[in-house]
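Structure first, then comments.
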Amino acid sequence: KSQDPDNELFCADVTCSVQDVNTCCDEKAKCTNYTCGAGFMLKSDPAIRYCSDVTCTDSDRATCCLQLERANRHICPHGKTLKDDASRFFCASDRCSSPTDDDTACVDRASCATHNCPNTHRLLNQASYLFCLSSVCTVDDTRTCCEDREKCAAPVCGIGFILKEEMTATSCDEGTGDCAQKCCEPQAPCECPSGYILK
């Protein structure tokens, strides 16, 4: 209790015993009601942890509290990615975990089905099962979401058609039947001059 040398306290006998505790001592405050503040949480056993004096102060934070992990340390599950400002937030404990902290730290990744492929590419057939890197698809996701379109070439032209000279570097989409229409033009049917007959 008193640490004043002029107010010295004495035990009841020539030796002190457990019965003298209340005479000689004040109990330290427990961490139970400690307010950790933003970014911290009480440790799991505050009832058996004691502050350094009869009341807890800021200097007891390390004794009573755990620092919460920043949300940008969270590993988001498949189909989600970290929020751009995740470092501003805290997970619910000293270690981020899923699914507890998913909503705090993560946003849904955009589906490749929403990606606008450039003219030279088309969406992959499985695009609806794939994800862009962020909540909005960008040009950086083209390799993930898209595949090259075919180039206009002679094999896309059927019998009776020939490749247009000006279309040799043009992209087309064979899967939709677009190539033959875009890349080819009809060949002229054979005509025989006078004195000849068609084979």
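Model, not experiment: these values are computed from the prediction.
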For Asp58, give me all partners under salt bridge (Lys or Arg N to Asp or Glu O under 4.0 Å), at least two apart in sequence or on another chain.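 Partners of Asp58 by the salt bridge (Lys or Arg N to Asp or Glu O under 4.0 Å) criterion come out as none, since no residue qualifies.
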If you group Ile, Leu, Val, Met, Phe, Trp and Tyr whenever their side-chain heavy atoms sit less than 4.5 Å apart, what else falls in with Met41?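 Grouped by the 4.5 Å side-chain rule, Leu66, Leu68, Phe90 form the rest of the cluster around Met41.
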Write out all pairs satisfying ring pair (Phe, Tyr, Trp, His ring centres under 6.0 Å) with one or both partners inside residues 40-59, taking only residues at least two apart or from two chains.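 Pairs touching residues 40-59 that pass the test: none.
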Pairs involving residues 98-147, ordered by first then second residue, that meet ring pair (Phe, Tyr, Trp, His ring centres under 6.0 Å) (sequence neighbours left out):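 Passing the test, one end in residues 98-147: His78-Phe131.
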How long is the straight-line distance from [atom2] of [Y] back to [atom1] of [X], given to the nearest 0.5 Å?
X      : Y      : atom1 : atom2 : result
Thr138 : Asn116 : OG1   : CG    : 11.5 Å
Ile75  : Lys80  : CD1   : NZ    : 15.5 Å
Arg70  : Asp101 : CZ    : CG    : 13.5 Å
Cys24  : Glu8   : SG    : CD    : 10.0 Å
Ser134 : Asp108 : OG    : CG    : 11.0 Å
Thr55  : Asn33  : OG1   : CG    : 12.5 Å

Pairs touching residues 33-53 that satisfy salt bridge (Lys or Arg N to Asp or Glu O under 4.0 Å), sequence neighbours left out: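 The answer is Asp45-Arg49.
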Residue pairs fulfilling salt bridge (Lys or Arg N to Asp or Glu O under 4.0 Å) with at least one residue in residues 137-148, sequence neighbours excluded: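 Output for this query lists Arg122-Glu147.
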Minimal non-hydrogen separation, Leu130 against Leu124, with atom names: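 It is CD1-CD1, 3.9 Å.
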Which atom pair, heavy atoms only, marks the closest approach of Cys183 to Leu163?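 Heavy atoms only, the tightest pair is O-CD1, 3.4 Å.
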Can you name the side-chain contact (heavy atoms from CB on, under 4.5 Å) partners of [X], sequence neighbours left out?
X      : value
Ser59  : Ser52, Thr57
Ala71  : Ala86, Phe89, Cys91, Thr104, Ala105
Leu198 : Cys190, Cys192
Ser87  : Asn72

Quick check: are there more than 12 heavy atoms from other residues, nucleotides or ligands sitting under 6.0 Å from [atom1] of [X]?
X      : atom1 : value
Arg61  : CZ    : yes
Asp94  : CG    : yes
Leu133 : CG    : yes
Asn125 : CG    : no

Disulfide (SG to SG under 2.5 Å) evaluation trace for Cys64 with Cys51: CA-CA 8 Å; Cys64 299; Cys51 296; 3.8 Å; no
Are any side-chain N or O atoms of Lys83 and backbone N or O atoms of Asp103, one a donor and one an acceptor, separated by less than 3.5 Å?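 Judged by distance alone, yes, a pair lies under 3.5 Å.
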Does Arg109 have any side chain to side chain donor-acceptor pair (under 3.5 Å) partners at least two apart in sequence or in another chain, and if so, which?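 Result, side chain to side chain donor-acceptor pair (under 3.5 Å) vs Arg109: none returned.
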Sequence neighbours excluded - side-chain hydrogen bond (donor to acceptor under 3.5 Å, both in side chains) pairs with any residue from residues 187-199: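 Output for this query is empty, none listed.
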SG proximity flag [Y]/[X], limit 2.5 angstrom:
X      : Y      : result
Cys137 : Cys145 : no
Cys112 : Cys132 : no
Cys76  : Cys106 : yes
Cys31  : Cys56  : no

Does any non-hydrogen side-chain atom of Pro46 lie less than 4.5 Å from one of Tyr34?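 They are not in side-chain contact.
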